[in-house]
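These numbers were taken from a predicted model, which means no experiment stands behind them.
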Amino acid sequence: MIDWPLMQIDQQKCVACGNCIPVCPMGAISIDASRGRASVNADECVECYTCFRGMSMEKLNPTLVRGIRRILKAFRLRFDPEPDVCPTSAIIPDELPWPRVVRRAFSDPIVTHESTGVHGRGTEEVKTNDVTGRVGVGEVGYVVEFGRPTVGVRFREIEKMTQALAAIGIEFESKNPVTHMMSDRKTGKLRDDILNEKILSAIVEFKTRIDNVPAVLQRIDEVSRTLDTVVAVGVSTRCTDDGSSALDSVLDQEGFAYARGKTNLGLGRA
Ligand code: SF4
Ligand code: SF4
């Protein structure tokens, strides 16, 4: 039982119209038909605020709406509000204490991460490499992404990967929100108090020399098969002047299917 403040549905106001159910990316809202009220599964809710922010809040009287719905039902008719509306403003966000607030920081795209000053997943990855120079010549940058809408991820799953990567000598990118959640960057250990927190998704970043790519990708592949979430991996490197990249042949040789997703043309350079 979770008894701290979180995204809630006011049981006095909810009229069980069901409009908020498809809006939730985690399927965390359901209606108890016997009570005629919707509620949030606090363990599955990632505090993304989509239900609160994504719907218009109207202020109809709940007793009146329930009465109208009951009468119409007797005539096999329905009164349903517009699909993007909570007719009685029943969805109420509350102040989130630590560690619950971590859910929102990693799941609400408009919240800026304090550790990096970037919103969303809190990192610009190598998209800004022309300015940051994070990944140098002969190096490869990695983004390992955990979770997706409808699946999510708990930090304890991410920790299994960060500890496995630390064990093969990986040093994590310091300007990254997951790295900021580590109590020991050398071992990839995350703070104990956040391990059970569930979030929509997160990205772990680091870089190695290009020679290390096969061993690193193999380790990621092994660990990701044991995790209770989905994992996507991006690798990036600097192209030569003719647009080719030494990374392509390494990936081909190791049998990894890939597609060039993003090309940074260097237009951000001063
Ligand atoms: S949209 Fe509002 S009234 Fe309708 S089920 Fe959700 S919380 Fe209840
Ligand atoms: S805050 Fe997000 S995850 Fe939680 S109930 Fe609302 S939409 Fe669903």
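- Remark: the backbone N or O of A105 is paired with a side-chain donor or acceptor of H113 at under 3.5 angstrom.
- Of all non-hydrogen atoms in A38 and I29, the two that sit nearest each other are CB-CG2, 4.2 Å.
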(request) Test W98 against I194 for side-chain contact (heavy atoms from CB on, under 4.5 Å), laying out the working first. (result) CA-CA 9 Å; W98 180 270; I194 65 161; 3.5 Å; yes
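- In the displayed structure, D241 atom CG is contacted under 6.0 Å by at most 12 heavy atoms of other residues, nucleotides or ligands.
- The two residues A164 and V223 have their closest heavy-atom pair at CB-CG2, 3.6 Å.
- Annotation: Q12, atom CD; neighbour count of heavy atoms from other residues, nucleotides and ligands within 6.0 Å does not exceed 12.
- Atom OG of residue S224 and atom CZ of residue R219 lie 10.0 Å apart, to the nearest 0.5 angstrom.
- Rounding to the nearest 0.5 Å gives a distance of 13.5 Å between CE of M181 and CD of E159.
- P87 pairs in a side-chain contact (heavy atoms from CB on, under 4.5 Å) with only one of the listed residues (C17, S56, C14), which is C17.
- Under a 3.5 Å cut-off, the side chain of R103 and the backbone N or O of C45 do form a donor-acceptor pair.
- Of all heavy-atom pairs spanning N61 and T88, the tightest one is C-CG2, 4.5 Å.
- Summarising the local packing, CD of Q11 is surrounded by more than 12 heavy atoms from other residues, nucleotides or ligands at distances under 6.0 Å.
- Residues T112 and V118 have side chains not in contact (no heavy-atom distance under 4.5 Å, counting atoms from C-beta outward).
- Checked by atom type and distance alone, the side chain of Q218 never pairs as donor or acceptor with a backbone atom of A215 at under 3.5 Å.
- Under the 4.0 Å criterion applied to side-chain N and carboxylate O atoms, D211 and R209 are not assigned as salt-bridge partners.
- A distance of 6.0 Å separates CE of M57 from CZ of F52, quoted to the nearest 0.5 Å.
- Separating the CD1 atom in I68 from the CZ atom in R78 is a distance of 14.5 Å, to the nearest 0.5 Å.
- Residues L190 and I220 share a hydrophobic cluster, clusters being chains of Ile/Leu/Val/Met/Phe/Trp/Tyr side chains in contact below 4.5 Å.
- Checked for salt-bridge contact, R134 and E205 meet the test: a charged N lies under 4.0 Å from a carboxylate O.
- Around atom CD of E82, no more than 12 heavy atoms belonging to other residues, nucleotides or ligands sit under 6.0 Å away.
- Closest approach of V101 and L96 over heavy atoms only: CB-O, 3.6 Å.
- Checked by atom type and distance alone, the side chain of N129 pairs as donor or acceptor with a backbone atom of V135 at under 3.5 Å.
- The residues R156 and D228 are annotated as not salt-bridged, no charged nitrogen and carboxylate oxygen being separated by less than 4.0 angstrom.
- Ion pairing between D108 and R53 holds under the 4.0 Å rule for side-chain N and carboxylate O.
- Ion pair E157/R154 not flagged as a salt bridge, since none of the NZ, NE, NH1 or NH2 atoms sits closer than 4.0 Å to an Asp/Glu carboxylate oxygen.
- For the pair S201 (side chain) and G147 (backbone), a donor-acceptor distance under 3.5 Å is absent.
- Using modelled atom types, one finds a donor on one side chain and an acceptor on the other under 3.5 Å when comparing S245 with D248.
- The CD1 atom of I158 sits 10.5 Å away from the CD atom of E145 when rounded to the nearest 0.5 Å.
- A continuous path of ILVMFWY side-chain contacts below 4.5 Å connects F256 to V235, so both sit in one hydrophobic cluster.
- Summarising the geometry of E254 relative to P214, their closest heavy-atom pair is CD-CB, 3.5 Å, with the distance given to 0.1 Å.
- Considering CE of M55 and OG of S89, their distance stands at 10.5 Å, rounded to 0.5 Å.
- At least one donor-acceptor pair under 3.5 Å links the side chain of T229 to the backbone N or O of G152.
- Ion pair K198/E44 flagged as a salt bridge, since at least one NZ, NE, NH1 or NH2 atom sits closer than 4.0 Å to an Asp/Glu carboxylate oxygen.
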